[in-house]
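See below for the structure under consideration.
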Amino acid sequence: MASLGVDSEQEPLLGDTTPGSREWDIIETEEHFKSRWRSIRILYLTMFLSSVGFSIVIMSIWPYLQKIDQTADASFLGWIIASFSLGQMVASPIFGLWSNYRPRKEPLIVSIFISVAANCLYAYVHVPASHNKYYMLAARGLVGFGAGNVAVIRSYIAGATSLQERTSSMANTSACQALGFILGPVFQTCFALIGEKGVMWDVIKLQINMYTAPVLLGAFLGILNIILILTVLREHRVDDSGRQCKNINFEEASTDEVQVPQGNIDQVAVVATSVLFFVILFIFALFETIVTPLTMDMYAWTREQAVLYGGIILAALGVEAVIIFMGIKLLSKKIGERALLLGGLIIIWVGFFVLLPWGNQFPKIQWEDLHNNSIPNTTFGEVIITLWKSPREDHSEEPTGCPVEQAWCLYTPMIHLAQFLISAVLVGIGYPSCSVMSYTLYSKILGPNPQGVYMGWLTASGSAARILGPVFISQVYTAWGPRWAFSLVCGMVVLTITLLGAVYRRLIAFSVRHGRIQE
């Protein structure tokens with residue numbers, strides 16, 4: 001039997017011997033227990049590599065795009081960035097449906113292979129004589145399509161864990177995802193030492209430089225991931241109590257398996273949780289987007305300063321998120337997922353309320369008839385283009401401050417740096433709490449039934465939020481300023497809290513709802 005001396009993630013399915021307890025229903029062998037958790041950890045790694053695949057080139061896309069295709073502008077850059085989320089949004093329901101009816105190795109391997117091929121395409125986008133920007137667009141879109149396997153990962157982990165293990169496992173999954181987003185740019189920075197010229201492998205016409213080396217590493221890690229999935233991953237599925245269930249994903253039957261409990265899913269709770277998840281990702285995506293333009297406008301930072309300090313702030317938020325993910329595993333056992341979700345939303349609301357401009361001090365006005373990149377205008381690319389400005393450029397002549405073209409600069413009080421930092425810390429606490437709790441509750445509401453399609457739609461909604469959030473904030477911030485922008489976000493959070501209050505009692509596990517397990 002599995003030992004009791006393991007951490008909370010690995011708690012064996014043992015308990016008292018009263019009717020309804022887990023030991024009454026099944027005793028999990030040590031072999032099955034180890035195999036199940038080996039498989040789950042392989043998917044932790046897959047989630048990590050999926051995040052690295054997105055972030056490992058994010059700081060170098062703009063200079064690489066300018067190098068390979070002089071016709072590319074900021075508007076097209078926006079499409080390239082958005083193509084990842086668009087690809088993931090399309091692929092998630094497809095891979096989710098696939099995983100419901102076939103062994104989950106299949107969509108996982110195919111999706112990772114697509115990502116590997118897309119990374120190889122990215123490494124060769126400089127080779128064609130023309131239309132290079134479209135090859136880059138296709139490459140990033142396919143990487144996003146491959147990242148649709150996030151739906152399969154969440155579905156597998158939800159199906160392979162009991163209710164008691166679910167929150168901890170989902171927190172670990174999110175921690176791996178956050179760690180991937182943090183370390184991706186770090187890997188990119190290391191490869192910057194290679195330089196733009198790099199080395200040329202003439203036989204296969206491959207140029208290995210600071211732009212292509214990161215994606216080649218991603219392709220190599222993807223191949224290793226496929227090998228691990230083929231050799232280590234096994235199909236496991238348990239019900240909410242931890243009893244092994246029989247389904248088409250299983251490679252071999254067992255006499256200990258039980259049928260999946262029947263019962264209808266609370267569709268109102270499913271839809272409500274999907275909306276909550278969308279709003280949470282929408283808000284964090286717009287916060288990430290506004291960091292650079294807001295700091296440039298309010299504190300008269302140059303592009304170089306905004307990129308450097310903004311990067312440090314976002315990296316610190318990533319580390320904070322990993323710590324929160326770990327703490328959630330303990331806290332959720334004491335106060336429950338719904339209370340944590342509500343608390344996280346309240347903290348996010350406070351974070352944006354703090355950002356509202358007050359007082360009589362105004363930002364420095366940029367009177368020069370020059371556009372700094374804090375003016376997003378009408379395209380997503382122009383909002384984020386400052387992130388790809390080379391720090392080697394000469395910014396000694398660069399005008400700073402709040403551009404006079406933004407009329408609100410003349411009458412809107414400035415947001416003090418202390419306000420901004422406090423807000424960042426609060427959002428950094430609220431977002432990871434809400435993110436994990438929302439899709440943990442989502443998986444528990446669905447119960448032991450196959451969750452591939454549902455998780456596919458949830459992932460697709462998150463991808464849509466990451467596309468729409470930056471577009472929303474760029475338009476509102478530029479036209480009306482931070483007071484209106486953050487007031488609207490506060491109003492959105494209040495409506496979300498109201499929705500949560502309306503469905504609070506319905507956000508319970510499938511087995512609890514049907515009386516098979518007491519909450």
Does the distance from a Lys or Arg side-chain N to an Asp or Glu carboxylate O, for Glu337 and Lys444, drop under 4.0 Å? yes

Is the side chain of Ser99 donor-acceptor paired with the backbone N or O of Gly96 at a distance under 3.5 Å, no angle test? yes

Would you compute the distance between atom CG of Leu441 and atom CZ of Phe277 and round it to the nearest 0.5 angstrom? 12.5 Å

Beyond-backbone contact of Leu43 with Thr173, side-chain heavy atoms, under 4.5 angstrom: no

Could you tell me whether a side-chain N or O of Ser438 sits under 3.5 Å from a main-chain N or O of Cys434, the two making a donor and an acceptor? yes

Straight-line distance of Leu45 CG to Leu228 CG, nearest 0.5 Å: 6.5 Å

Answer yes or no: is there a side-chain heavy-atom contact under 4.5 Å between Val436 and Phe325? yes

Could you tell me whether a side-chain N or O of Asn100 sits under 3.5 Å from a main-chain N or O of Gly452, the two making a donor and an acceptor? yes

Taking every heavy atom of Phe48 against every heavy atom of Cys176, the minimum-distance pair comes out as CD1-O, 3.5 Å

Answer whether the closest heavy-atom distance between the side chains of Ile497 and Ile346 falls below 4.5 Å. yes

Would you say the ring centroid of Phe145 lies under 6.0 angstrom from that of Phe95? yes

Looking only at non-hydrogen atoms, find the nearest pair between Ala147 and Ser115 and report the distance. N-OG, 4.1 Å

Are side-chain heavy atoms of Thr412 and Pro482 found at a separation under 4.5 Å? yes

Going from CG on Leu355 to OG on Ser423, what distance comes out if it is rounded to the nearest 0.5 angstrom? 3.5 Å

Tell me whether Ser50 contacts the main-chain N or O of Thr46 through its side chain, where contact means a donor paired with an acceptor under 3.5 Å. no

Decide if atom CD of Gln267 counts as having more than 12 heavy atoms of other residues, nucleotides or ligands within a radius under 6.0 Å. yes

Start with the C-alpha gap between Glu235 and Tyr156, add the side-chain angles, then the distance that decides, and say whether side chain to side chain contact (heavy atoms under 4.5 Å, CB included) holds. CA-CA 9 Å; Glu235 298 289 347; Tyr156 182 101; 4.0 Å; yes

Locate the shortest heavy-atom distance separating Met455 from Tyr439; write the atom from each residue and the value. CE-O, 4.3 Å

Heavy-atom donor-acceptor pair, Ser487 side chain to Trp484 backbone, under 3.5 Å: no

Under 3.5 Å: donor-acceptor pair, side chain of Tyr442, backbone of Ala269: no

Between Ser443 (side chain only) and Thr440 (backbone N and O only), is there a donor and an acceptor less than 3.5 Å apart? yes

Side chain to side chain donor-acceptor pair (under 3.5 Å) evaluation trace for Thr161 with Arg166: CA-CA 6 Å; Thr161 53; Arg166 188 78 47 82; 2.9 Å; yes

So how far is it from Ile157 CD1 to Ser39 OG, rounded to the nearest 0.5 Å? 10.5 Å

Under 4.0 Å between a Lys/Arg side-chain N and an Asp/Glu carboxylate O for Arg36 and Glu165? yes

Does Gly344 offer a backbone N or O that forms a donor-acceptor pair with the side chain of Ser433 under 3.5 Å? no

Validation row, ring centre Phe278 to ring centre Trp457 under 6.0 Å: no

Side chain Ser435, main chain Tyr431, donor-acceptor under 3.5 Å: no

Determine, step by step, whether His416 and Met298 satisfy the side chain to side chain contact (heavy atoms under 4.5 Å, CB included) criterion, reporting the C-alpha distance in whole Å, the side-chain angles of both residues, the deciding distance to 0.1 Å, and the verdict. CA-CA 8 Å; His416 296 281; Met298 292 295 151; over 6 Å; no

Taking C-beta and beyond as the side chain, do Trp358 and Pro413 meet within less than 4.5 Å on heavy atoms? no

Can you confirm whether Val291 sits close enough to Phe420 that some side-chain heavy atom of one is under 4.5 Å from a side-chain heavy atom of the other? yes

Give me the atom names and distance for the closest heavy-atom approach of Ile467 to Val471. O-CG2, 3.4 Å

Taking all atoms of both residues into account, what is the closest heavy-atom pair of Ser461 and Leu458, and its distance? OG-O, 2.6 Å

A quick test of your reading: do over 12 heavy atoms of other residues, nucleotides or ligands sit less than 6.0 Å from CZ of Phe113? no

Given side chain to side chain contact (heavy atoms under 4.5 Å, CB included), test Thr459 with Met89 step by step and report yes or no. CA-CA 7 Å; Thr459 304; Met89 185 171 64; over 6 Å; no

So, taking the atom named CG in Leu281 and the one named OG in Ser85, what distance separates them when rounded to the nearest 0.5 Å? 9.5 Å

Which atom pair, heavy atoms only, marks the closest approach of Leu142 to Ala118? CB-CB, 3.5 Å

Validation row: Arg234, Arg38 side chains within 4.5 angstrom (heavy atoms): no

Taking the six-membered ring for Trp, are Phe486 and Tyr477 ring centroids under 6.0 Å apart? no

Kindly compute the distance separating OG (Ser332) from CZ (Arg338), expressed to the nearest 0.5 Å. 13.0 Å

Is the closest side-chain heavy-atom distance between Ile229 and Asn225 below 4.5 Å? yes

Looking only at atom types and distance, does a side-chain atom of Trp408 sit under 3.5 Å from a main-chain N or O of Thr478, one as donor and one as acceptor? yes

Go through it in stages, so that I can follow the logic: the residues are Trp98 and Arg104, the test is side chain to side chain contact (heavy atoms under 4.5 Å, CB included), and I'd like the CA-CA distance, side-chain angles, deciding distance and then a yes or no. CA-CA 8 Å; Trp98 188 351; Arg104 284 162 285 196; over 6 Å; no

